[in-house]
Amino acid sequence: MSFTPIALIIGGGSNVGIHVARKLLKEGYHVALGSRNPDNDALRKNGLFPVSVDGTNSASIKKAFQQVRTNLGEPSIVVYNVGQHFQPPSTNDPLSVSSEDFAKSGELELGIFVSAQEALASFRSIKHSTPKVFISTGNLLPFLKEAPVLFMTLASQKATMATLMDYANRAYATEGIRFHYATLVGPDGGLPNLSPSAEVGFFNSGPAHAEAYWTLISAETAKNWDYRFTYDGKEFESK
Ligand SMILES: NC(=O)c1ccc[n+]([C@@H]2O[C@H](COP(=O)([O-])OP(=O)(O)OC[C@H]3O[C@@H](n4cnc5c(N)ncnc54)[C@H](OP(=O)(O)O)[C@@H]3O)[C@@H](O)[C@H]2O)c1
């Protein structure tokens with residue numbers, strides 16, 4: 001019997017999510033694309049399985065995995081693509097973020113953990129030798145020495161994400177299971193172009209993410225947990 005692998009993307013918007021989904025479809029995957037308010041008809045028309053999921057809510061994440069398991073099967077690829085910036089009222093005063101917003105940011109961090117836990121359970125249950133890979137969409141914030149202080153909550157989310165990917169990648173490597181923190185960088189390895197009108201940069205990075213994520217999934221030898229790539233989707237190599 002032929003085997004069709006399954007992917008679940010949590011946080012499926014018009015940039016990273018949809019491009020990664022299309023790439024996986026092209027590579028023969030059944031793809032479930034999750035967001036809080038998916039356009040069910042449009043996604044189905046494009047061959048995708050829509051899932052309603054809030055990536056900051058543990059119960060909702062568990063329900064989404066269950067829905068995918070019931071309707072498609074166990075996912076062997078999981079992409080966590082949710083990030084949320086809570087702007088402090090005063091840009092040079094990070095502790096002016098309300099405690100309510102800081103708690104919401106923490107819920108997203110818990111969401112990454114629960115998604116990784118659920119993914120591990122799925123990966124372990126798949127007997128086929130298909131790649132089992134969890135990819136979280138990162139940025140450079142956890143690695144920057146002097147990031148603008150207004151990004152404190154987003155930096156905290158990404159730092160948690162990076163830590164989880166590093167530890168899980170080491171812990172489950174012997175089972176052939178990979179966890180990556182994947183980051184788009186500019187040509188010099190620094191921040192990508194953050195201008196919304198840039199020809200290539202942060203806001204139209206979907207095709208580069210799709211290429212890079214497929215490289216991670218299809219690599220015969222696992223790439224590093226901290227994976228950086230440039231605008232063409234190729235691995236960043238420092239000169
Ligand atoms: N390193 C880089 O340069 C770089 C570049 C681009 C993006 N990123 C990262 O990529 C991620 C997403 O960016 P993007 O460009 O793909 O954004 P996007 O195209 O705007 O997509 C984000 C999607 O996520 C969904 N979403 C938002 N909150 C959610 C939640 N709580 N639960 C589930 N889905 C949610 C939204 O749909 P609903 O409103 O229906 O939920 C939205 O469609 C972020 O983590 C960002 O930091 C990094």
Side-chain angles (χ1 to χ4, degrees), residues 8-23 32-43 48 50-65 67-68 78-87 101 103-112 114-115 118 134-144 147 151-162 164-165 180-196 198 200-213 216 226-233 235-236:
L8 167 61
I9 299 169
I10 300 172
S14 59
N15 186 26
V16 179
I18 195 71
H19 283 90
V20 174
R22 284 198 202 120
K23 174 70 181 165
L33 191 57
S35 67
R36 291 164 303 181
N37 300 296
D39 184 340
N40 293 339
D41 291 342
L43 293 178
L48 296 161
V51 179
S52 292
V53 59
D54 180 350
T56 70
N57 180 305
S58 303
S60 169
I61 292 166
K62 288 180 185 176
K63 200 169 144 207
F65 269 87
Q67 207 184 333
V68 173
V78 175
V79 173
Y80 188 92
N81 186 50
V82 184
Q84 224 175 342
H85 171 55
F86 294 96
Q87 177 83 20
D101 278 354
K104 281 190 212 153
S105 182
E107 281 164 20
L108 190 151
E109 294 177 34
L110 179 59
I112 301 162
V114 170
S115 300
E118 290 289 321
F134 186 102
I135 302 173
S136 52
T137 306
N139 63 29
L140 281 179
L141 282 173
F143 309 112
L144 294 180
F151 288 122
M152 183 187 67
T153 51
L154 187 60
S156 171
Q157 292 162 22
K158 298 298 184 188
T160 295
M161 191 182 252
L164 288 174
M165 297 301 105
H180 295 286
Y181 180 84
T183 304
L184 175 78
V185 297
D188 60 353
L191 287 173
N193 193 328
L194 299 173
S195 162
V200 282
F202 185 90
F203 287 98
N204 51 12
S205 60
H209 277 85
E211 270 317 299
Y213 288 15
L216 289 173
D226 169 14
Y227 185 77
R228 301 182 192 190
F229 58 96
T230 51
Y231 299 148
D232 58 4
E235 184 166 8
F236 171 73

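Just so you know, ligand 1 is whichever comes first in the structure, and atom 1 is the first atom listed for that ligand.
- Distance screen at 4.0 Å: atom 20 (O) of ligand 1 has no protein heavy-atom neighbour inside the cut-off.
- Residue Ile10 places every heavy atom at 4.0 Å or more from ligand 1.
- For atom 17 (O) of ligand 1, the closest non-hydrogen atom on the protein side is Asn15 CB, 4.5 Å.
- Nearest heavy atoms, Val68 versus Ala32: CG2-CB, 3.7 Å.
- Of all the heavy atoms in Val51 and Ala64, the pair that sits closest is CG1-CB, 3.6 Å.
- Scanning all protein heavy atoms for the shortest distance to atom 7 (C) of ligand 1 gives Phe202 CZ, 3.8 Å.
- Ligand-side atoms of ligand 1 in range of Asn139: 1 (N), range being under 4.0 angstrom from any heavy atom.
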key: Verdict with reasoning, Asn37 to Ser52, per side chain to side chain donor-acceptor pair (under 3.5 Å)   = CA-CA 6 Å; Asn37 300 296; Ser52 292; over 6 Å; no

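- Looking at atom 1 (N) of ligand 1, its nearest protein heavy atom turns out to be Gly138 O, 3.0 Å.
- When each atom of ligand 1 is checked for a heavy atom of Gly83 under 4.0 Å away, the hits are 44 (C), 45 (O).
- Contact atoms of ligand 1 toward Ser205: 5 (C), 6 (C) (distance under 4.0 Å to a heavy atom of the residue).
- Between Gly138 and Thr183, the shortest heavy-atom distance links the atoms C-OG1, 3.9 Å.
- Minimum interatomic distance between Gly201 and Leu184 (heavy atoms only, all atoms of both residues): O-CD2, 3.9 Å.
- Contacts between Val53 and ligand 1 below 4.0 angstrom, taking non-hydrogen atoms only, involve the backbone exclusively.
- The closest side-chain donor-acceptor pair between Asp232 and Thr230 falls under 3.5 angstrom.
- Contacts of Ser35 with ligand 1, taken as heavy-atom pairs under 4.0 Å, involve both backbone and side chain.
- At least one donor-acceptor pair under 3.5 Å links the side chain of Thr160 to the backbone N or O of Ser156.
- The aromatic rings of Tyr227 and His180 stand perpendicular to each other, their planes meeting at an angle above 60°, with 30° marking the opposite boundary.
- Residue-ligand proximity, Ser14 to ligand 1, at heavy-atom distances under 4.0 Å covers atoms 19 (O).
- Residue, atom and distance of the protein heavy atom nearest to atom 16 (O) of ligand 1 are Val16 N, 3.1 Å.
- The shortest N/O to N/O separation between Thr183 and ligand 1 does not fall below 3.5 Å.
- Remark: ligand 1 atoms within the under-4.0 Å shell around heavy atoms of Gly11 are 24 (O), 34 (N).
- Partners of Ser136 according to the side-chain hydrogen bond (donor to acceptor under 3.5 Å, both in side chains) rule, which considers only residues two or more places apart in sequence or in another chain, do not exist here.
- At a heavy-atom cutoff of 4.0 Å, ligand 1 is contacted by no atom of Gln84, backbone or side chain.
- Proximity to Lys158 (heavy-atom distance under 4.0 Å) selects the following atoms of ligand 1: 44 (C), 45 (O), 47 (O).
- Atoms of ligand 1 found under 4.0 Å from any heavy atom of Thr56, numbered from 1 in the order shown, are 31 (N).
- For the pair Gln157 (side chain) and Leu108 (backbone), a donor-acceptor distance under 3.5 Å is absent.
- The shortest contact between atom 18 (P) of ligand 1 and any protein heavy atom is with Gly13 CA, 4.1 Å.
- Seen from the ring of Tyr181, Arg228 does not count as a face-on cation partner, given the 6.0 Å and 45° thresholds.
- With respect to atom 12 (C) of ligand 1, the closest heavy atom belonging to the protein is Asn81 O, 3.2 Å.
- The protein heavy-atom contact nearest to atom 32 (N) of ligand 1 is Gly55 N, 2.7 Å.
- How far CG of Leu216 is from CZ of Phe134: 13.0 Å, rounded to the nearest 0.5 Å.
- The nearest heavy-atom contact from the protein to atom 29 (C) of ligand 1 is Arg36 NE, 3.4 Å.
- Judged by distance alone, the side chain of Ser60 and the main-chain N or O of Asp54 form a donor-acceptor pair under 3.5 Å.
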